[in-house]
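Before any comments, here is the structure.
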Amino acid sequence: MKKQEIKNKKIDFHKIEKKWQEKWEKKKAFEVKEDKKKKKYYVLEMFPYPSGSGLHMGHTFNYVIGDIYARYMRMKGFNVLYPMGYDSFGLPAENAAIKAGENPKKYTEKSIKNFIKQQKELGLSYDWSRIVMSHTPEYYKWDQWIFLKMFEKGLAYKKKASVNWCSKCNSVLANEQVHNGKCWRHEDTDVEIKYLEQWFFKITDYAEELYDSIDSLTEWPEDVKAMQKNWIGKSYGAEINFKINGENWPIFTTRADTIYGVSFMVISAQHPRLMELVTKEQKKEVETFLKKIKSTSEKDANELEKEGEFTGSYAINPMNEEKVPVYTGNFVVADYGSGMVMAVPAHDKRDFEFAKKYGLPIRQVIRKLKAPIRSYVMGSENISEKDFTSINIKIVEKTSDGDYKIEIPKESIKKYEELIAKKMSPGFWNEYIAEEVVFLFKHKDGKIERLVMNDKNLERIDKLACEFIENSDDVEVFDKLRTSVRGTLRASKSPEQDTQGLFDEKTISSEFSKGQFLKTSDTINRIVHNNQKYDPKSTDNYINGAIANNSWYQPLIVHEEEGILINSSEFTDLTSEEAKKQITKKLEGIGLGKEKIQYKLRDWLISRQRYWGTPIPIIYCEKCGAVPVPEKNLPVVLPDKVKFGEGNPLAGNKEFVNVKCPKCEGKATRETDTMDTFVNSSWYFLRYCDPKNKNKIFDKEKAAYWMPIDTYIGGKEHACMHLIYFRFYTKFLRDLGLINVGEPDKVLFNQGMLHGEDGAVMSKSRGNVVLPETVSKKYGIDTARLFLMSIASPDKDILWSDKGVEGSSKFLKKVVEYIENFEKPSQNFQNSLRRTLKEGKNIDYSKSSIRNFKKGKSSAKLEHKINKAVKGIDEDIKKFRYNLAVIKLRMLFESFDSEISKEDLEKFVKMLSLFCPHVAEEFWEMLGNKGFVSLSSWSEVDESKIKEEFDKADRIIESTIGDIINILKLLKEKQNKEGNKIYLYVLPQEINFYDGEEIAKRVGKEVKIFVVNDKNKYDPQGKAAKAKPGKPAIYIE
RNA sequence: GCAGGAGUAGCGAAGUGGUCAAACGCGCGAGACUCAAGAUCUCGUCCCUUAGUGGGUUCAGAGGUUCGAAUCCUCUCUCCUGCACCA
């Protein structure tokens, strides 16, 4: 009867939601002020762009993640800043507005209004008083102010640059906005290259710090950090001058050790000074070439064949005075390094390809390092893959000739002997060189370093191995050297990939004769697959045959790894590493080179030939040039009235464009470009600290209180743009003395993406969106919140399921039912409660019987469960494991008895309030509390109440009940008997775990419990003897 | 190619050395209630076996370390994401 009501009862979630949303707003529940006495916590979600189509479930997912965290920290007693604002400038708004025939401002503001309304309906606990919108002059004034500061410090500058131009956006794009040669917003539009005067921010001045301090971001996800490192791209190398036509042309290289292998130079086809190198004779050819590559629009770098043309000039190699031709090529990046490279075809894939195509010389100057350690593979006579085993080797000593003395540990010897005993032949265990040898070094502090033995790690391994020998306390060769049989076998399947560093047949033969080349041991392969016996003769024949017909060996493969120098004058025989140092040093001595650190990061192009953005505060005067708008004249307001159509709309507005020069009062014109929208989002988090300040960008004290952001939540797609820019701005503003932190954010949390039921990312264009309104109408938004958080860990991509949300809904309804009937209040109260739930009417509980609720009593078991849950959920929330928190909450609820203390029920409601704030507030009120549960404090854990025996007893009872039911079932099925009396015989030490009443209730039969050794009691057939720890003996009559 | 992440029952998803045949949810099956359906409640849901038992095979695959592995190590395979001619 009662159960039936649950389904049929229509709980008007909507009314409850509205009621509490209004109350929160009216009471300014979530507004905060700086309070030095309270510890602050700053939770922030990435500034959304207010799209016209509004929010869908995916947005809900994102915001709820942050909301739960903010609510949690608030309950934990922190002064929580949790603001919201809008990144309201930008191309999409402009385009959408044009399409809709509306003014972008009107359009945007309409969208924002809608966004706010929708966000409020999700019950998000933002401090709405701090709202910031980047399209308002109050905000972008400070964009301009920062620009002026940058200009002052020489960090904002103008230069003519080849820029990425998207014909659809009708604007320049930043490098970050070009994806595979296409516009990031128009995937079907090829990006063109244009040369224009553009404004840049000199972010490269901060490249070093931006790179180096990535490691200090300990609470950022590894992948984001890796992406940033990769993006900034730090390389250590040398800048070397090559003389061309008597003039020094610097190039950057990381491989100074290969300088003796330089056989030509390549200058980028986009290099601004390219034509200076082109001789009269070659001019025509070069121009034809340039035209050709321009007409082939940018394709995938992979597909693009390397092409070039001789410029007619020659460069002089500063090391050996050799004269090498200078080519121009399509594969050299113009704005990395100096836009020119020295080409070493023997040791660089790209140069190699180019050299082969144009018949340029290839000279090997690096040889492969010889592996100094051998490790062996043993196998049986009738060999199969399974029979391979590896033996362990310990380094004992490094001998003077560079080899190692090794020791075979006992267990390996044992293995070896076993093999012999099994008549497995050790016959060829001497013949194979390890494909890969792995060292594990255990350091004093317990840290284990794993090093694959390759040329790169060799020195490190050497060093550690020697340390081990000299001082075994310090380092221990922890695990072993290990050969990889499988690796060897695999290598043999694609031999051409694996033959490196050998350049002529003579070498090959000699290597073979020494047995060194057997690493690509086809022999093993053949033996394994054909189950042949090892026969050295046939093997040799096979190999010789292979060499002769060239079937698996390609004689010339680029050797890109470092190694030992050859053909390099006095540097021959040095290792690459050493040679780099010495060669650079020598070049420095003659003034033709120096060490250099080079970054991939380029200056940030901020000019946009678009209307809907922050105007750049610069005035061009015929006399004075580019003059910054004086600070007192800020903001340069974006005019409302412009014509859209061709070109830059601002340029068409004469009132805006024609001004007096601030310096000389002469005729002047305004800059008509606007700034990239990423400018707006680079510092908004600071404005939140003091959003309404009219005189300053923000108050220093306030920013000092709130900054840095403690938890920043957003999508992974911003790993390289926004998340670098906002770090850059932070560092710049720190250098201006405005803030005292160098990094804007401590914890970065990347949430996953919500996918629709069809498995694709939820998006309007895909047509699989679920709207919060729809779900809210059917189940209430709290249900949606609860469901979204229970699917999976929020950093994972999750799948929406209409069925799944039903489950969350059922749970919530059960909770309503439970609390509604808590302590069976008076009929009067019940009626009014019903009314509230149905109609959302307010009840004055102070007048109702609820205040006189008699406290129930929680059992010790329940107290245990509650305290344990609070403790666990606390941990889970802290670590964003919301899904686990929800499970714990559900399990806790399942364990509720009919009697519970008010305090304990409140603890539950508090935890529930993170996920389902509206109904939780309602419950809070129903329980007779004033104020908001949202502002109550998180429950303290009483450790003394946590007693694991309760869980153990639970487990025992559960399994006992399971067993009983099972027997009853079997009895019925097999003997057609209805068991009625159940006898349990338990071990004396476990008697306390058994609750006869509980069991009887659950199985619906009479239950008697005896202690095993209680001989006087009834024990048919001596069943009692069957009792075990955790398992009673059962007899059913 | 480089970098980062992932692979667990029909599905989603927990689980990082023993308490694991693996939480929880969905799905599915059986039973209870009901005239019936839905809802609700109870139980079950790797395989075999059984009065509650016992046994077997599992956590992408292969090997290894360990008294003991989904969890640690090595190799391999597959998938996702990002960067990609950066010299």
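So you know, we letter chains A, B, ... as the sequences are listed, proteins then strands, and number each from 1.
On the P atoms, B:C43 is 11 Å away from B:C24, given to the nearest whole Å. Using atom C1' as the reference point in both B:C75 and B:U57, the two lie 25 Å apart (nearest Å). The gap from the P atom of B:A13 to that of B:G64 amounts to 32 Å, rounded to the nearest Å. Taking atom P on both nucleotides, B:G38 is separated from B:G44 by 22 Å, rounded to a whole Å. Of the P atoms belonging to B:G63 and B:C48, the separation is 27 Å, rounded to the nearest Å. Distance check on atom C1': B:C80 versus B:A60 gives 15 Å, rounded to whole Å. Only the C1' atoms considered, B:A23 is 13 Å distant from B:U8, to the nearest whole Å. B:G5 and B:A87: their C1' atoms are spaced 29 Å apart (whole Å).
Listed nucleotides: B:G82, B:A51, B:A3. Nearest to the side chain of A:Ala226: B:A3. Residue A:Ile965 places its side chain closer to B:C43 than to any other of B:G4, B:C43, B:A87. Of the candidate nucleotides B:A51, B:U53, B:G25, B:U53 has the atom lying nearest to any side-chain atom of A:Lys1031. Of the candidate nucleotides B:C26, B:U19, B:A3, B:C26 has the atom nearest to the side chain of A:Lys810. Set against B:G4, B:G25, B:C83, the side chain of A:Glu222 has B:G4 as its closest nucleotide. Closest to the A:Asn230 side chain, of the nucleotides B:A51, B:C85, B:C83, is B:C83. Of the listed nucleotides (B:A51, B:A87, B:G25), B:A87 has the atom at the smallest distance from the side chain of A:Val333.
Taking atom CE of A:Met340 as the reference point, atom P of B:C85 lies 20 Å away to the nearest angstrom. Straight-line distance from the CZ atom of A:Phe811 to the P atom of B:C24: 14 Å, rounded to whole Å. Rounded to whole Å, atom P of B:G82 lies 15 Å from atom CG of A:Leu723. Rounding to whole angstrom units, NZ of residue A:Lys225 and C1' of B:G4 are separated by 12 Å. Distance CE (A:Met227) to C1' (B:C2): 13 Å, rounded to an integer number of Å. Spacing between atom CD of A:Glu894 and atom P of B:C41 amounts to 8 Å, rounded to whole angstrom units. When rounded to the nearest whole Å, the span between OH of A:Tyr211 and P of B:A3 equals 13 Å. In this structure, A:Ile1036 places its CD1 atom 13 Å from P of B:A51, rounding to the nearest Å.
What you find for A:Met342 and A:Met265 is that their closest heavy atoms are CA-SD, 3.8 Å. Counting all heavy atoms, side chain and backbone alike, A:Lys225 lies closest to A:Leu217 at NZ-O, 2.9 Å. Across all their heavy atoms, A:Tyr358 and A:Glu307 have their closest contact at OH-CA, 3.5 Å.
Residue contacts for A:Val332: at a heavy-atom cut-off of 4.0 Å it reaches a base atom on one of the strands shown. Among the heavy atoms of the strands lying under 4.0 Å from A:Ala1033 is at least one base atom, whether or not backbone atoms are also near. Contacts of A:Thr960 with the nucleic acid, taken as non-hydrogen atoms under 4.0 Å apart, are absent. A:Met891 comes within contact range of the sugar-phosphate backbone alone, with a heavy-atom separation under 4.0 Å but no base atom that close. Nucleic acid contact for A:Leu968: none, since no nucleic acid atom lies under 4.0 Å from a heavy atom of the residue.
With sequence neighbours excluded, no residue forms a salt bridge (charged side-chain N to carboxylate O under 4.0 Å, His left out) with A:Lys796. With sequence neighbours excluded, the residues satisfying salt bridge (charged side-chain N to carboxylate O under 4.0 Å, His left out) with A:Lys357 are A:Glu305. A search for ring-ring contact (aromatic ring centres under 6.0 Å, His included) contacts involving A:Phe787 returns A:Trp800, not counting sequence neighbours. With sequence neighbours left out, A:Phe252 forms a ring-ring contact (aromatic ring centres under 6.0 Å, His included) with no residue at all. Under the side chain to side chain contact (heavy atoms under 4.5 Å, CB included) criterion, A:Asp951 pairs with A:His864, A:Lys865, A:Lys868, A:Glu948, A:Arg955, not counting sequence neighbours.
Nucleotide B:U58 forms a pair with no other nucleotide shown, judged by Watson-Crick or G-U wobble geometry with both contacts under 3.5 Å. B:A3: Watson-Crick or G-U partner is B:U81, with both key distances under 3.5 Å. With a cut-off of 3.5 Å on both pairing distances, B:A9 has no Watson-Crick or G-U wobble partner at all. Using the Watson-Crick or G-U wobble rule with both distances under 3.5 Å, B:A39 pairs with nothing in any strand shown. Pair assignment for B:G18: B:C67, on the basis of Watson-Crick or G-U wobble contacts that are both within less than 3.5 Å. Judged by Watson-Crick or G-U wobble contacts below 3.5 Å, the nucleotide B:U45 has B:G27 as its partner.
Between the side chain of A:Lys803 and the base of B:C26, no donor-acceptor pair of N or O atoms lies under 3.5 Å.
Both A:Val341 and A:Val224 lie near RNA chain B, and the one whose nearest nucleotide falls closer to the 5' end is A:Val224. Both A:Gly804 and A:Gly233 lie near RNA chain B, and the one whose nearest nucleotide falls closer to the 5' end is A:Gly804.
Salt bridge annotation for A:Lys229-A:Asp215: present, with a cationic side-chain nitrogen under 4.0 angstrom from a carboxylate oxygen. Contact check on A:Glu806 versus A:Lys810 returns no salt bridge, with no Lys/Arg side-chain nitrogen under 4.0 Å from an Asp/Glu carboxylate oxygen.
For the pair A:Tyr1035 and B:A51, the criterion of a side-chain N or O lying under 4.0 Å from OP1 or OP2 is not met.
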List every contact pair, protein side and nucleotides 8-18 of chain B side both N or O, where the distance is under 3.5 Å.
{"unit_1": "B:A14", "atom_1": "OP1", "unit_2": "A:Lys796", "atom_2": "NZ", "d": "3.4"}
{"unit_1": "B:A14", "atom_1": "OP2", "unit_2": "A:Lys796", "atom_2": "NZ", "d": "2.8"}

